[in-house]
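Along the sequence shown, the residues carry numbers beginning at 1. Keep in mind that this is a model prediction, so the values were computed, not measured.
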Amino acid sequence: MTEKNRSQWDLCRFIKTLTYFEVFPVLNWVQNIFQSRPENHQNQPNGGSKMGVILVAGATGGVGKRVVQRLLAQGYKVRCLVRDIDKARSTLGNDVDLVVGDITKPETLNNLVMSNIQAVVCCTAVRVQPVEGDTPDRAKYNQGVKFYQPEIVGDTPENVEYKGVKNLVTAAKRYLSNTGEKTIFDFTQPSEELKNIWGALDDVVMGGVSSSNFHILEKTALFAGNVSTANSGGFASVRTKNFSPAINLSGFTGVKLRVKGDGQRYKIFLRTETAWDGVGYSYSFDTVANSWIDITIPFANLTPVFRAKTVKDSPEIDKNKVCSFQLMLSKFEYDGDLNPKFHPGGFSLELESIKAYGGEALPQFVLVSSAGVTRPGRPGINLDEEPPAVRLNDQLGGILTWKLKGEDSLRESGIPYTIIRPCALTEEAGGKELIFEQGDNIRGKVSRNDIAELCVQSLKQPKARNITLEVKQGENDVNSINWEQLFSSLQPDK
Ligand SMILES: NC(=O)c1ccc[n+]([C@@H]2O[C@H](COP(=O)([O-])OP(=O)(O)OC[C@H]3O[C@@H](n4cnc5c(N)ncnc54)[C@H](OP(=O)(O)O)[C@@H]3O)[C@@H](O)[C@H]2O)c1
């Protein structure tokens, strides 16, 4: 190395980089004490949740509040559509995102409610209560199986069960995007979380003096800086902290970036090991100066590399456990080859999104309806054997008839859906085996806890797509359910 290309190396930046990525836990511990920051893993991106939001309508209800709890416990971001914010706070606590809206008022189902949604779970219902009044906590109504003469209070079933559901479906449809894709980073929706995930990782870690930054702008992210080849350096990069838990991309074909570059060739790395300095799976891509383009990267085309050297005999990437991403501009390609589209100096790569593509579409709208919706007026039905809602459908404002029309609006919408028709709902603990049926003939009961879990599981099962099912509980307690198998027994709607 000549004197000419030796430049002042920055120890401080070196330590900062390693601290950001938690390479030396002791340094992080010291930093936390001095800056009284929370334990750093609170900052770790949650790979289970993806970036979109699940909108829960009817979140203050018996099933809805349990859906919210379960979604949060399983790492999803949740937004609750509520009518009364004070009631919602006391039911749902302070940790959930609440938006005020009413499904019977389409003007309230606006951008604030719908932006960035990945799916909707709808557990709304017209208010039914015993004629002689309910106890303050709606204990009689929640009883489910015990018979109290019921009546509708407040809005009509036509307005809530049909028009309201249809309004929600119509509003959501405008915001739900292509389902064979999973958004990993959506930079069009800036957030604190995005800022905390990405950090610069330049050749300073090897003695170089290149420097870069990752800026979250209004609608994009910008990876920009200066690459210098001094001190035998020549790369700048940004990397995410490790996801916890890792992201499961099995079932997808690859990842897709939407970028605007400067004509240079960049690299992306995916890692499946949390170790700081391990094998990365890399792909080089060319940008077109000042033009937005999509870069499609099949997993099969990723090259395993260790510090820019290809690793022979390395297995293919394990798509089940992707734990970090890295973007890089480097003087080098692989194994000492030079990047033909590299020039030292300033650079910029702007990003709109990073997505997984080529996956099986998942349900994006789960509607909790009711067993019995097709039974009122069905020839041959013996009303004496039917549950109260079927027998009393007319007195209850045609509740089941309007629920069926609400279902129809979802089936006709083109949104991938699951329609769940529970038998009588109870406040029992649940944990029972679930019996699925189609054709709307079963009677029985089922716990609200189990229905809430079924709603959440439906969002994860490609086989739950475009299915209408009835459900009741069986006799046996179960520790776990094979959801894929259970859904496999069902036929998609025509
Ligand atoms: N009870 C049973 O045995 C049974 C059996 C089968 C199926 N089901 C069905 O299962 C589903 C869930 O039942 P559940 O017991 O959880 O119901 P629930 O406790 O009565 O909850 C209903 C929810 O809907 C909300 N809601 C009502 N009108 C609304 C509107 N216009 N805009 C926005 N939100 C509105 C309510 O909000 P507020 O808090 O603001 O009132 C509440 O959060 C319902 O569709 C029900 O019909 C029930």
Side-chain angles (χ1 to χ4, degrees), residues 41-81 88 91-98 116-123 172 176 179 181-186 191 193 197 241-252 319-323 356 359-368 416-418 420 422 429-432 434 446-465 467 471 478-487:
H41 45 250
Q42 286 192 3
N43 258 341
Q44 273 184 343
N46 184 332
S49 65
K50 302 148 246 121
M51 289 285 143
V53 172
I54 311 292
L55 179 72
V56 181
T60 47
V63 172
K65 68 183 179 196
R66 292 164 166 95
V67 169
V68 173
Q69 284 163 357
R70 280 168 172 72
L71 286 169
L72 290 172
Q74 293 177 42
Y76 287 91
K77 278 196 216 159
V78 182
R79 186 179 300 150
C80 304
L81 179 73
T91 310
L92 299 165
N94 291 324
D95 295 336
V96 286
D97 180 15
L98 303 180
N116 202 23
I117 56 166
Q118 163 191 317
V120 177
V121 181
C122 178
C123 316
L176 293 168
T179 56
E181 295 183 348
K182 169 158 154 172
T183 302
I184 302 165
F185 292 107
D186 180 1
S191 69
E193 194 184 349
I197 294 174
K241 292 179 184 172
N242 286 324
F243 305 134
S244 176
I247 305 183
N248 183 350
L249 297 181
S250 58
F252 292 91
K319 295 183 278 179
N320 286 310
K321 49 170 198 158
V322 175
C323 63
E360 281 190 273
L362 292 167
Q364 288 190 297
F365 198 118
V366 176
L367 175 65
V368 183
Y417 63 83
T418 310
I420 297 170
K432 296 282 184 190
L434 293 181
V446 61
S447 145
R448 284 184 174 82
N449 283 333
D450 289 344
I451 292 301
E453 186 62 26
L454 171 57
C455 290
V456 176
Q457 292 299 330
S458 300
L459 294 172
K460 304 180 191 178
Q461 296 293 330
K463 290 204 165 70
R465 190 174 75 237
I467 278 191
V471 53
V478 286
N479 288 328
S480 67
I481 290 179
N482 184 336
W483 295 100
E484 194 183 341
Q485 202 175 36
L486 201 51
F487 278 108

What distance separates [X] [atom1] from [Y] [atom2], expressed to the nearest 0.5 Å?
| X | Y | atom1 | atom2 | result |
| --- | --- | --- | --- | --- |
| Asn320 | Ile247 | CG | CD1 | 12.5 Å |
| Ile117 | Phe365 | CD1 | CZ | 8.5 Å |
| Gln461 | Leu486 | CD | CG | 9.0 Å |
| Cys80 | Leu71 | SG | CG | 9.0 Å |
| Gln118 | Asp186 | CD | CG | 11.0 Å |
| Leu367 | Cys122 | CG | SG | 5.5 Å |

For [X], side-chain contact (heavy atoms from CB on, under 4.5 Å) partners two or more places apart:
| X | answer |
| --- | --- |
| Asp97 | Arg79 |
| Ala119 | Ile54, Leu459 |
| Leu362 | Pro462 |
| Asn482 | Glu484, Gln485 |

- Query: Counting N and O atoms only, with roles assigned by atom type, does the side chain of Lys182 sit under 3.5 Å from a partner on the main chain of Asn248, one being a donor and the other an acceptor?
  - Reply: yes

- Query: For the side chain of Thr418 and the backbone of Pro363, is there at least one donor-acceptor N/O pair under 3.5 Å apart?
  - Reply: no

- For residues Phe487 and Leu454, determine if any side-chain heavy atom of one lies less than 4.5 Å from a side-chain heavy atom of the other. yes

Closest heavy-atom contact between [X] and [Y]?
| X | Y | answer |
| --- | --- | --- |
| Val366 | Cys455 | CG2-O, 4.0 Å |
| Gly93 | Val96 | O-CG2, 3.9 Å |
| Ser458 | Ile420 | OG-CD1, 3.9 Å |

- Message: Tell me whether the count of non-hydrogen atoms from other residues, nucleotides or ligands lying under 6.0 Å of NZ in Lys432 goes above 12.
- Response: yes

- Item | Set of residues satisfying ring pair (Phe, Tyr, Trp, His ring centres under 6.0 Å) with respect to Phe252, sequence neighbours excluded | none

Throw together a table of side-chain donor-acceptor distances under 3.5 angstrom for residues 57-70, partners on residues two or more places apart or in other chains.
residue : atom : partner : partner atom : Å
Arg66   : NE   : Asn449  : OD1          : 2.8
Arg66   : NH1  : Gly62   : O            : 2.6
Arg66   : NH2  : Glu427  : OE1          : 3.1
Arg70   : NE   : Glu453  : OE1          : 3.2

- Message: For Glu360, give me all partners under salt bridge (Lys or Arg N to Asp or Glu O under 4.0 Å), at least two apart in sequence or on another chain.
- Response: none

- Item | For Lys321, salt bridge (Lys or Arg N to Asp or Glu O under 4.0 Å) partners two or more places apart | none

- Message: Using side-chain contact (heavy atoms from CB on, under 4.5 Å), reason through Trp483 and Leu434 one step at a time and then give a plain yes or no.
- Response: CA-CA 10 Å; Trp483 295 100; Leu434 293 181; 3.9 Å; yes

